[in-house]
Amino acid sequence: MAKPLQVMKFGGTSVGDATCIARSAQIVASAAQHMSVVAVVSAMSGVTNRLIGAAKQAGEGDTESGAALIEALRQQHHKALAELVTNTADRTTIEHKLEEIFAEGKRLYDGTAMLRELTPRTLDVISSLGERLCAPVFAGALRQLGAESAAIEATEVIVTDSYHGGAEPRAEETRQRCAEVIAPLLAAGEIPVVTGFIGATHDGKLTTLGRGGSDYSATILGAALNADEIIIWTDVEGVLTADPRLVPDARTIPEISYREAAELAYFGAKVLHPKTLRPVLADGIPVWIRNSFAPEKLGTKITQKGKSIGGGVKALTAIRDVALISLGGPGIVGVPDVIGRTFTTTAAMRADVLLISQSSSQNDICFLVSKPHAHATVDALRKEFEQDLAHEVVDHISVDPNVAIVAVVGENMRGTPGVAGRTFNAIGQEKVNLIAIAQGSSETNISFVVDDKSMQQALRVLHKEFGLGHAPVN
Ligand code: ASP
Ligand code: MG
């Protein structure tokens with residue numbers, strides 16, 4: 001029988017320097033003693049941000065920043081490599097590989113600065129450099145530990161559409177490529193170390209899966225290879241009942257459903273890229289979130305069904321970087337297609353709408369968007385409703401940036417009566433003012449808007465109300 005297969009992804013902080021890479025490589029090497037392992041790596045922490053920052057400057061005609069960054073990255077990666085790999089022959093081979101990537105980066109920055117134009121496609125290639133630098137170093141660290149390992153660029157194995165900056169994988173082609181490129185390595189007992197975050201179109205143009213996309217890479221590969229488990233190694237101990245900086249007695253949830261985890265990711269809990277679970281839904285492959293800095297802890301297991309911890313509520317989350325936009329007026333009932341026009345406008349602005357609430361008399365619609373989108377969205381709405389504002393049928397389009405969304409998440413809330421009552425009763429007793437409320441018909445979350453200043457108080461009282469700080473019931 002074939003050995004079980006694990007796909008393990010290591011995020012930026014888990015490969016942040018030589019010490020972190022050594023610790024992560026040790027996790028992979030230990031697992032590889034009794035199973036097949038594919039490692040997926042992010043760029044060393046902060047590298048992608050720096051690459052993108054310098055790309056934007058090059059796009060403005062800055063000829064220096066790109067070169068300076070390449071030099072800084074050269075030093076950073078060579079230092080890590082020198083600490084990790086003592087075999088001179090292997091180190092020299094890796095150094096050559098890195099030099100090729102630095103030379104490519106230098107050419108990309110120079111070309112961008114010369115043209116003063118940064119296209120989405122060039123930005124993708126520049127953004128990919130961090131992962132492409134990290135994978136060979138990580139594979140070297142594994143060989144240093146005595147494990148056979150090869151670095152693979154995901155452009156060879158993840159086939160995507162051509163939407164630069166947020167490409168979508170093509171499952172069937174990806175599966176074929178994985179069978180051709182990765183399966184033989186596994187069969188030979190090697191550990192493939194694949195770059196996270198990137199892929200390529202059918203004809204080989206590099207794409208990225210969106211910021212934070214390495215999690216997604218891991219599940220795409222896991223699904224394509226029929227992995228038994230996927231482990232996302234990060235710097236927190238799994239999915240927590242709430243953000244521990246806001247709620248001190250927050251704790252790790254041992255098991256949670258795909259749906260709950262996706263809901264939390266959507267509502268801003270930063271553990272997972274929101275698309276991460278899509279590729280594994282059909283086959284039900286479990287995904288673990290674990291802490292590479294504390295591998296002895298089990299972390300959180302994300303499964304199809306999850307596991308109840310009593311009361312139906314699993315976790316709380318808050319999104320702070322949001323603004324409330326409201327549009328209304330006594331005459332708004334008579335304005336044709338207010339809702340359609342409002343959301344066509346937000347869509348045209350590519351503003352993500354996080355929560356919507358509308359009064360039934362229709363004289364006020366309010367919704368939340370992320371703060372960076374707020375002003376441009378309001379301007380666009382004022383333009384769209386210019387006539388209606390002039391005739392005073394719409395009397396206000398306003399924005400309040402000092403708000404936060406709090407979401408109560410749990411799949412078993414469905415069919416557990418009284419969760420909403422308890423939620424609003426508890427926060428009412430604390431005299432926290434509710435600005436808007438929404439509950440999806442899926443009943444996996446209840447979310448509401450409060451003043452930013454009351455957000456923490458709301459989280460704490462609800463954490464206590466639903467007993468989330470205590471040991472699980474089962
Ligand atoms: N390095 C990429 C980013 O910072 C992808 C990732 O880390 O998941 O967005
Ligand atoms: Mg990440």
Side-chain angles (χ1 to χ4, degrees), residues 7-17 20-21 24 38-56 69-70 72-73 76-77 80 98 101 105 108 118 120-138 151-155 157-158 160 163-169 193-200 206-222 230-236 239 261-262 265-266 268-280 287-293 321 352 370 372:
V7 174
M8 292 190 170
K9 176 256 172 176
F10 293 88
T13 49
S14 300
V15 292
D17 58 23
C20 296
I21 294 176
S24 296
V38 173
V40 175
V41 293
S42 286
M44 293 174 82
S45 60
V47 169
T48 314
N49 281 342
R50 287 154 75 200
L51 287 165
I52 292 173
K56 297 211 163 124
L69 175 60
I70 294 290
L73 293 179
Q76 182 181 354
H77 287 80
L98 300 187
I101 300 169
L108 287 162
L118 178 62
R121 186 173 158 198
T122 305
L123 180 60
D124 265 358
V125 185
I126 292 179
S127 318
S128 77
L129 298 172
E131 272 72 11
R132 292 167 58 205
L133 291 167
C134 186
V137 177
F138 197 98
I152 305 281
E153 299 207 347
T155 44
V157 287
I158 296 184
T160 71
Y163 189 84
H164 289 286
E168 280 302 326
V193 178
V194 186
T195 56
F197 183 46
I198 65 180
L206 188 145
T207 53
T208 62
L209 306 171
R211 291 307 309 274
S214 295
D215 297 338
Y216 196 22
S217 308
T219 50
I220 293 168
L221 292 172
I230 295 159
I231 305 181
I232 310 280
W233 290 97
T234 176
D235 54 6
V236 292
V239 180
Y266 176 77
K270 293 223 164 52
V271 279
L272 274 187
H273 185 279
K275 291 180 187 166
T276 308
L277 297 168
R278 284 189 199 170
V280 297
V287 177
W288 291 84
I289 314 283
R290 300 186 60 181
N291 188 349
S292 74
F293 296 82
D321 198 23
D352 244 343
S370 67

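We use all heavy atoms of the structure for the numbers below, so side chains are in, but hydrogens, waters and symmetry mates are not. Counting starts at 1 for both ligands and their atoms, in listed order.
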Quiz item: Do Y216 and F197 have side-chain heavy atoms sitting under 4.5 Å apart?
Solution: no
Exercise. Under the side-chain contact (heavy atoms from CB on, under 4.5 Å) rule, collect the residues that match up with P372, sequence neighbours excluded.
Key: D321, S370
Quiz prompt | Short side-chain to backbone donor-acceptor contact, S24 and C20, under 3.5 Å | solution = yes
Exercise. Consider ligand 1: state whether an atom of it lies below 4.0 angstrom from any non-hydrogen atom of G213.
Key: yes
Practice problem: Please identify each residue that fulfils salt bridge (charged side-chain N to carboxylate O under 4.0 Å, His left out) with R278, with sequence neighbours left out. | Solution: E168
Quiz item: Would you say the side-chain atoms of D124 pair up with the backbone N or O of H164, donor to acceptor, closer than 3.5 Å?
Solution: no
Quiz item: In terms of atom number and element, which parts of ligand 1 are under 4.0 angstrom from non-hydrogen atoms of R211?
Solution: 3 (C), 4 (O), 9 (O)
Quiz item: Taking the non-hydrogen atoms of E131, is any one of them nearer than 4.0 angstrom to ligand 1?
Solution: yes
Quiz item: Is the closest heavy-atom distance from G212 to ligand 1 below 4.0 Å?
Solution: yes
Self-check item: Which of the ligand 1 atoms, numbered from 1, are nearer than 4.0 Å to a heavy atom of T48
Solution: 1 (N), 2 (C), 3 (C), 4 (O)
Quiz item: If you count the atoms of ligand 1 from 1 in the order shown, which ones are under 4.0 Å from a heavy atom of S214?
Solution: 5 (C), 6 (C), 7 (O), 8 (O)
Quiz item: Less than 3.5 Å between some nitrogen or oxygen of D215 and one of ligand 1, yes or no?
Solution: no
